[in-house]
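For reference, the structure is listed below as structure tokens.
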Amino acid sequence: MTRRFTVLAVLAVVCAAVEVVAGRGMSPGVVWEVLNGGGDATERHIVFQLRLPRLLVALGAGASLAVAGLVLQSALRNPLAGPEVTGVTPGAVLGAVTATALGLAGWDAPLAVVLAACAGGCAGAALLWLLAGRGRGDPAQTAVHGVLVSAVLGGLTAMVLLVEPGELGSVVQWLVGTTEGRVWEHWHLLWPWALVWGVAAWLLAGPLTLLRCGDDIALAAGLSAHRARTLALLCAVALTAGAVAAVGALGFIGLLVPHLAVAVFGADLRRSLPGAALTGAVVVCGADAAAQLSSRLLATALDSGRLTLPVGALTACLGAALLLLVVRRTPSRTF
């Protein structure tokens with residue numbers, strides 16, 4: 001187990017190094033010179049004020065989404081209960097966009113966006129909980145209701161964007177999911193939020209493990225399933241809201257990374273929760289590095305200096321392809 005964590009940590013360092021040098025405008029040699037104390041003022045500003053906070057935000061957001069997904073899947077006993085398809089992420093997006101349209105929050109004030117996203121995420125999760133009703137213990141029924149809730153919330157977000165096209169047109173890339181333009185203010189807000197709720201989720205590892213086995217076993221062990229599930233959902237919503245407020249709606253991270261973490265670290269959530277955090281950080285950081293490299297190649301090929309590939313577009317495409325591959329290779333599994 002220690003070896004597995006070590007390998008993931010090494011991968012995180014490699015992905016971080018690639019992301020720092022992957023951006024446009026500076027060669028890897030110049031970046032290395034700046035990190036060693038050289039370079040001019042502009043180059044130092046790009047590296048230390050733009051690239052490093054972008055890297056840290058990508059790591060923190062990936063860890064938050066992965067832990068939130070594993071908590072949701074454990075609490076609801078549903079392999080499809082990722083933040084993207086349970087109303088949490090769409091609700092957080094709707095809350096943040098609506099608050100911005102009403103003038104209650106702005107993208108230059110991350111704290112207000114986090115609070116609005118958290119409120120929207122809680123509303124989305126509550127709506128799913130009400131619609132699922134007595135059948136909320138059925139994984140298939142919960143997944144169907146989650147898709148419906150997510151679709152409705154996504155439609156409401158589109159309506160808000162149509163009402164205020166001039167004010168909110170600039171957040172379209174954020175709705176896809178992007179780390180572009182993230183600065184130290186985003187990181188200073190994200191890391192304590194993610195740390196507090198991540199520790200809270202880890203402290204719920206024991207109850208969540210019992211919930212994965214079913215409510216009857218949890219009750220037989222003396223656990224209040226309803227209370228534990230409520231606390232777990234609160235942690236998942238808070239982690240998702242923080243990530244959405246920082247990088248937008250990254251697709252498939254909270255849905256697929258938990259499966260990978262459980263496969264690598266086992267069903268004991270005391271190990272798989274930290275493993276999911278590290279795996280999510282590696283995946284998002286690596287995807288962001290790949291998106292920046294792809295943007296450089298596409299800009300060169302198409303002779304377009306403004307072309308930028310959002311990391312959310314890359315995670316959505318790769319995540320959908322991976323999910324389709326898993327479903328086709330293992331048709332007997334209850335996805």
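For the single chain, residues carry numbers from 1 onward in sequence order. None of these values were measured; they are calculated from a predicted model.
Note that the CZ atom of Arg182 and the CG atom of Leu50 stand 12.0 Å from one another [nearest 0.5 Å]. Here Leu70 contributes atom CG and Arg212 contributes atom CZ; the two are 6.5 Å apart, rounded to the nearest 0.5 Å. Atom CZ of Arg51 sits about 12.0 Å away from atom OG1 of Thr179, to the nearest 0.5 Å. Note: Thr89 OG1 to Leu94 CG = 12.5 Å, rounded to the nearest 0.5 Å. A distance of 9.0 Å separates CZ in Phe252 from SG in Cys317, rounded to the nearest 0.5 Å. Atoms CG and SG, from Leu127 and Cys122 in turn, are 13.0 Å apart once rounded to the nearest 0.5 Å.
Checked against ring-ring contact (aromatic ring centres under 6.0 Å, His included), Phe48 has no partners two or more places apart in sequence or in another chain. Partners of Arg270 according to the salt bridge (Lys or Arg N to Asp or Glu O under 4.0 Å) rule, which considers only residues two or more places apart in sequence or in another chain, are Asp268. With sequence neighbours left out, the side chain to side chain contact (heavy atoms under 4.5 Å, CB included) criterion links Val199 to Leu195, Leu203.
With respect to Arg54, the side chain to side chain contact (heavy atoms under 4.5 Å, CB included) criterion is satisfied by exactly one of Val311, Asp288, Val183: Asp288.
No donor-acceptor distance shorter than 3.5 angstrom exists from the side chain of Trp193 to the backbone of Ala243, with no hydrogens or angles considered. The backbone N or O of Ser150 sits nowhere less than 3.5 Å from a side-chain atom of Glu84 that would complete a donor-acceptor pair.
Of all the heavy atoms in Val149 and Gly87, the pair that sits closest is CG1-CA, 4.0 Å.
By the criterion of side-chain heavy atoms lying less than 4.5 angstrom apart, applied directly or through intervening Ile, Leu, Val, Met, Phe, Trp or Tyr residues, Val18 is not grouped with Val284; the two fall into different hydrophobic clusters.
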Determine all donor-acceptor pairs shorter than 3.5 Å in which one atom belongs to a side chain in residues 61-68; sequence neighbours excluded.
from, atom 1, to, atom 2, distance (Å)
Ser64, OG, Gly60, O, 2.9

Only pairs under 3.5 Å count here: list side-chain donor-acceptor contacts from residues 274-281, not counting sequence neighbours, and write none if there are none.
from, atom 1, to, atom 2, distance (Å)
Thr279, OG1, Gly275, O, 2.7

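With side-chain heavy atoms closer than 4.5 Å counting as contact, directly or through intermediates, the hydrophobic cluster containing Leu318 also holds Leu314.
Two residues are said to be in side-chain contact when any heavy atoms from C-beta on lie closer than 4.5 Å; Leu255 and Gln73 meet this criterion.
Shown here is Trp191, whose CH2 atom has no more than 12 heavy atoms of other residues, nucleotides or ligands within 6.0 Å.
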